[in-house]
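In what follows, a structure is listed as structure tokens, so that the remarks can point back to it.
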Amino acid sequence: MPELPEVETVRRGLAPTLIGARFAKVEARRGDLRAPFPPRFAARLTGRRVEALTRRAKYLLVALDKGETLVIHLGMSGSFRVERGDVLVTPPFHHERAKLAAHDHVVFDLDNGARVIFNDPRRFGSMDLVQSEGLETRPPFAGLGVEPLSEDFDAARLAADFAGSRAPLKTALLDQTRIAGLGNIYVVEALFRARLKPTRIAGELADAKGKPTAAARALAPAIREVLKEAVAAGGSTLRDHRQPDGELGYFQHSFAVYDREGAACPHRGCKGTIARMVQGGRSTFYCATCQK
DNA sequence: CCGACCGCCTGCCTGC
DNA sequence: TGCAGGCAGGCGGTCG
């Protein structure tokens with residue numbers, strides 16, 4: 001499920017199948033997801049070869065020959081699975097295959113014999129086919145914030161980006177124009193690790209001169225660590241399932257506070273209990289005792 | 001400009 | 001057992 005680590009996991013899982021392959025046949029089983037597919041979507045993809053598969057924020061970028069890029073967003077419930085010949089490669093948690101297939105919206109048949117299927121029950125995902133050139137200067141990429149796992153991201157950058165903001169930290173961290181790729185879960189987890197209250201004012205990460213405060217110096221590495229560990233966990237799950245019954249787009253990961261209302265705070269020595277509150281309509285989990 | 005809120009969809013879990 | 005209601009990892013548009 002798709003925040004940065006999950007999208008990265010999907011990217012790594014699909015790369016060996018997709019890169020270098022050609023779309024022999026593409027079938028869009030409906031005209032839209034969250035937004036309509038572009039005109040002649042399937043026809044324009046047919047015959048194209050995949051040159052690269054990258055990620056920006058929560059978007060997958062499938063670079064094709066002839067200068068176009070397939071831009072994919074998984075939304076809330078989008079996932080991919082791969083089938084090869086007679087062997088079904090199906091996530092183990094999907095027991096009812098017929099039910100699952102009801103939401104198979106786009107099917108890519110590759111010239112290497114693999115079939116890549118995009119499934120998205122809620123249809124909050126999106127697919128677009130755009131010119132590769134200048135991609136980053138156009139929506140939705142123009143204005144996206146820093147990649148938190150890149151070298152450009154550190155406490156100084158975080159402080160500079162948040163300076164002057166009156167928004168709560170939780171809200172600011174979800175803003176993709178500031179930091180790209182965080183979603184509700186990893187924001188909540190990173191704030192817990194940094195022992196920062198989600199309601200703290202984002203601007204407090206910078207001092208009067210715009211330099212990082214202690215809070216910024218705690219939060220920046222916490223964000224990176226949470227994401228790195230999640231990517232590593234996704235990767236290991238994929239390794240376990242490299243063979244025919246592999247899975248893509250899902251991995252098991254345990255969270256310290258997300259969805260753990262009422263549990264004991266896992267911070268050593270803290271006697272607190274995990275609480276839940278709503279910020280901007282979304283659940284925030286935190287320890288009121290040790291997050292300040 | 002900024003931040004809060006709403007809608008988009010379906011599935012699943014809870015409580016009555 | 002059925003059903004209503006609440007909730008879910010996303011984003012973009014509108015409104016104040």
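Throughout, protein chains are lettered first and strands after them, A, B, ... in sequence-line order, and every chain is numbered starting at 1.
Residues satisfying the salt bridge (charged side-chain N to carboxylate O under 4.0 Å, His left out) criterion with A:D128, sequence neighbours excluded, are absent altogether. Here A:R48 pairs with A:D65 under the salt bridge (charged side-chain N to carboxylate O under 4.0 Å, His left out) rule; sequence neighbours left out. The salt bridge (charged side-chain N to carboxylate O under 4.0 Å, His left out) search around A:R122 returns none, not counting sequence neighbours.
Within the structure, the side-chain hydrogen bond (donor to acceptor under 3.5 Å, both in side chains) test picks out no pair touching residues 206-223 of chain A (sequence neighbours left out). The stretch residues 258-277 of chain A participates, sequence neighbours left out, in these side-chain hydrogen bond (donor to acceptor under 3.5 Å, both in side chains) pairs: A:R276-A:S283. Residue pairs meeting the ring pair (Phe, Tyr, Trp, His ring centres under 6.0 Å) criterion with at least one partner in residues 2-36 of chain A, sequence neighbours excluded, are A:F23-A:F108. Applying the side-chain hydrogen bond (donor to acceptor under 3.5 Å, both in side chains) test to pairs two or more places apart or on separate chains, those with a residue in residues 172-181 of chain A are A:D175-A:T177, A:D175-A:R178.
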Show each protein N/O and nucleotides 3-6 of chain C N/O combination with a separation under 3.5 Å, one pair to a line.
none

Scan nucleotides 10-14 of chain C against the protein and return all N/O pairs shorter than 3.5 Å with their distances rounded to 0.1 Å.
residue : atom : partner : partner atom : Å
C:dG10  : OP1  : A:K58   : NZ           : 2.9
C:dG10  : OP2  : A:R282  : NH1          : 2.8
C:dG10  : OP2  : A:R282  : NH2          : 2.1
C:dG10  : O3'  : A:H73   : NE2          : 3.4
C:dG10  : N2   : A:R34   : NE           : 3.2
C:dC11  : OP1  : A:H73   : NE2          : 3.2
C:dC11  : OP2  : A:K58   : NZ           : 3.2
C:dC11  : O2   : A:R34   : NH2          : 2.6

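The interatomic distance linking A:D259 (CG) with C:dA8 (P) rounds to 8 Å, in whole Å. The separation between A:D175 atom CG and B:dG3 atom P is 8 Å, rounded to whole Å. Spacing between atom CZ of A:F285 and atom C1' of C:dA8 amounts to 10 Å, rounded to whole angstrom units. One can place CG of A:N119 at 16 Å from C1' of C:dG9, the figure rounded to the nearest angstrom. Atom pair A:D120:CG and C:dA8:C1' shows a separation of 13 Å (rounding to whole Å applied). In this structure, A:L173 atom CG and B:dG3 atom C1' are separated by 15 Å, rounded to whole Å. Rounded to whole angstrom, the span from the NE2 atom of A:H105 across to the C1' atom of B:dC8 amounts to 13 Å. Rounded to whole Å, atom C1' of B:dC6 lies 18 Å from atom CD of A:Q279.
Between A:E225 and A:K228 there is no salt bridge, since no side-chain nitrogen of the basic residue lies less than 4.0 Å from a carboxylate oxygen of the acidic one. Using a 4.0 Å cut-off between a side-chain N of Lys or Arg and a carboxylate O of Asp or Glu, A:D104 and A:R81 qualify as a salt bridge.
Contact check, A:H103 against B:dC9: no side-chain N or O comes under 4.0 Å of OP1 or OP2. The phosphate of B:dG3 (OP1 or OP2) has a side-chain N or O of A:S165 nearer than 4.0 angstrom. The shortest distance between the side-chain N/O atoms of A:R166 and the OP1/OP2 oxygens of B:dA4 is not below 4.0 Å. Neither OP1 nor OP2 of C:dG9 sits under 4.0 Å from any side-chain N or O of A:Y186.
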Starting at the 5' end of DNA chain C, write a dot or bracket for each base, bracketing those in Watson-Crick or G-U wobble pairs whose two distances are under 3.5 Å and using | for partners on another strand. .|||||||.|||||||
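Ring geometry for A:F255 against A:Y186 counts as perpendicular: the plane angle is over 60°, on a 0 to 90° scale with 30° as the lower cut.
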List the atom pairs, with distances to 0.1 Å, where a side-chain N or O of residues 134-161 of chain A and a protein N or O form a donor-acceptor pair under 3.5 Å, not counting sequence neighbours.
residue : atom : partner : partner atom : Å
A:T137  : OG1  : A:G134  : O            : 2.6
A:R138  : NH1  : A:E133  : O            : 2.8
A:R138  : NH1  : A:G134  : O            : 3.4
A:R138  : NH2  : A:Q131  : O            : 2.6
A:E147  : OE1  : A:R55   : NH1          : 3.0
A:E147  : OE1  : A:R55   : NH2          : 3.2
A:E147  : OE2  : A:R56   : NH1          : 3.0
A:E147  : OE2  : A:A57   : N            : 2.6
A:S150  : OG   : A:E147  : O            : 2.8
A:S150  : OG   : A:D152  : N            : 3.2
A:D154  : OD1  : A:A156  : N            : 3.2
A:D154  : OD1  : A:R157  : N            : 2.9
A:R157  : NE   : A:D161  : OD1          : 3.4
A:R157  : NE   : A:D161  : OD2          : 3.1

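As rounded to the nearest Å, B:dG3 and C:dG9 have C1' atoms that lie 22 Å from one another.
Note on A:R178: only backbone sugar-phosphate atoms sit closer than 4.0 angstrom, heavy atoms only; bases stay farther off.
In the hydrophobic clustering, where aliphatic and aromatic side chains (Ile, Leu, Val, Met, Phe, Trp, Tyr) are joined below 4.5 Å either directly or transitively, A:M277 groups with A:Y286.
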